Amino acid sequence: MVSLLKRLLGTIPVIFGVLLLTFLLVHSIPGDPVEVMLGESAASADREVLRQNLGLDEPLPIQFFQYVAKVAQGDLGVSIHSKKPIVDLLAERLPATMKLAALALMIAISIGVPLGIVAALKADRWADNLATVLSLTVSSMPHFQLGPLLMMVFALWLGWLPVSGMDANTSIILPALTLGFGLAAILTRMTRASMLEVLHEDFIRTARAKGLPEKTV
């Protein structure tokens, strides 16, 4: 319990640092959000009123602490494009995100764990080498490269899956494969390393010395 409490307290500086970095990055982006919301033809008085309503006329330290206070209350502000609360926009996209994450995780586990087990059982053999090469190749490919590659093969060349959208149930397959393959490559190496560590434990050697079948071991 004490260790858990220490870990939770240790996340506070990390969260504060992320908020500070995000705040500074947003303010370093060229452009004026007031001009984006009102347009270039807006009157100076209207711009000043909106700037005051948004708190953009305050010094940066005050703006930052106001930003942190609102985030702590669950207020993420309003989109400058759609004029809708950010929380509502996130809620609209959360079901599709959760569905995609769950399917990608299922793909990663169903591929990565069995492949890692086989690689460990066949250590230093062709199966292990093949699994290692595949996992290193896939993990070294960023998603923005792997995704278009899968689209070219399965959507454009073979015509099996749609390129984009969420109209059909099959639309989620390509994004899930893109995310799942990358995680599967990591799980393969993690499972192999953990499996090899266990296979060299004393109780494994004892079981084999007693003549137990390999499946039982």
Side-chain angles (χ1 to χ4, degrees), residues 3-4 6-8 10-11 13-15 17-19 21-22 25 89-205 207-208 213-217:
S3 177
L4 179 60
K6 289 182 178 180
R7 288 180 179 273
L8 291 176
T11 60
V14 177
I15 295 175
V18 170
L19 291 175
L21 181 60
T22 303
L25 288 175
L89 295 176
L90 292 176
E92 292 176 2
R93 290 157 175 79
L94 185 60
T97 302
M98 296 297 293
K99 183 179 179 181
L100 174 61
L103 184 57
L105 184 60
M106 290 174 57
I107 293 174
I109 293 175
S110 61
I111 296 176
V113 173
L115 197 59
I117 293 175
V118 171
L121 294 176
K122 305 294 184 179
D124 299 326
R125 302 179 187 175
W126 69 267
D128 180 25
N129 295 332
L130 179 60
T132 301
V133 170
L134 288 176
S135 63
L136 289 175
T137 302
V138 175
S139 62
S140 63
M141 296 177 62
H143 290 154
F144 61 81
Q145 180 183 5
L146 180 60
L149 182 61
L150 294 177
M151 289 170 58
M152 289 176 59
V153 175
F154 294 103
L156 298 181
W157 294 349
L158 299 177
W160 292 351
L161 299 170
V163 176
S164 61
M166 287 291 290
D167 299 330
N169 293 329
T170 55
S171 301
I172 198 174
I173 295 179
L174 280 180
L177 288 176
T178 303
L179 297 176
F181 282 167
L183 182 57
I186 299 174
L187 283 178
T188 298
R189 288 182 291 169
M190 292 177 59
T191 304
R192 179 186 181 276
S194 300
M195 191 79 174
L196 285 176
E197 184 178 351
V198 173
L199 289 176
H200 288 86
E201 292 288 344
D202 292 338
F203 66 90
I204 296 292
R205 288 195 292 266
R208 285 173 173 167
E214 193 64 23
K215 291 184 179 180
T216 304
V217 175

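This one's a predicted model, so the numbers in the text were calculated from it and none came from an experiment.
Nearest heavy atom pair, residue Ala176 against residue Leu100, reads N-CD1, 3.5 Å. In this structure, Gly180 and Ala108 approach most closely via the heavy-atom pair O-CB, 3.5 Å. What you find for Leu146 and Thr178 is that their closest heavy atoms are CD2-O, 3.7 Å. For the residue pair Thr97 and Arg93, the shortest heavy atom distance occurs at OG1-O, 2.8 Å. Between Ala120 and Leu199, the shortest heavy-atom distance links the atoms O-CD1, 4.0 Å. Contact between Ala119 and Ala131 at its shortest, heavy atoms only, is CB-CB, 3.9 Å.
How far CG of Leu156 is from CG of Leu150: 11.5 Å, rounded to the nearest 0.5 Å. To the nearest 0.5 Å, atoms CG (Leu183) and CD1 (Ile109) are separated by 7.5 Å. Distance CG/Leu134 to CG/Asn129: 11.0 Å, rounded to 0.5 Å. Here OG of Ser139 is found 11.5 Å from CG of Leu187. Values are rounded to the nearest 0.5 Å. Expressed to the nearest 0.5 Å, how far OG1 of Thr170 lies from CG of Leu161 amounts to 6.0 Å. In this structure, CG on Leu121 lies 8.5 Å from CG on Leu196, to the nearest 0.5 angstrom.
By the 4.5 Å heavy-atom criterion applied to side chains, Trp160 and Leu174 are not counted as neighbours. Taking 4.5 Å as the limit, some side-chain heavy atom of Phe181 sits within range of a side-chain heavy atom of Ile111.
Listed by chain and number, the residues in a side chain to side chain contact (heavy atoms under 4.5 Å, CB included) with Ala127 are Val118, Lys122 (sequence neighbours excluded). Leu149 meets the side chain to side chain contact (heavy atoms under 4.5 Å, CB included) test with Met141; sequence neighbours excluded. Phe144 is linked by a side chain to side chain contact (heavy atoms under 4.5 Å, CB included) to Pro142, counting only residues two or more places apart in sequence or in another chain. Qualifying side chain to side chain contact (heavy atoms under 4.5 Å, CB included) partners for Arg205, counting only residues two or more places apart in sequence or in other chains: His200, Asp202.
Within the structure, no pair that satisfies the salt bridge (Lys or Arg N to Asp or Glu O under 4.0 Å) test touches residues 97-116, not counting sequence neighbours. Applying the salt bridge (Lys or Arg N to Asp or Glu O under 4.0 Å) rule to pairs touching residues 178-198 yields Asp128-Arg192, sequence neighbours excluded.
Listed for the Thr191 side chain is no donor-acceptor partner under 3.5 Å among the backbone atoms of Thr188.
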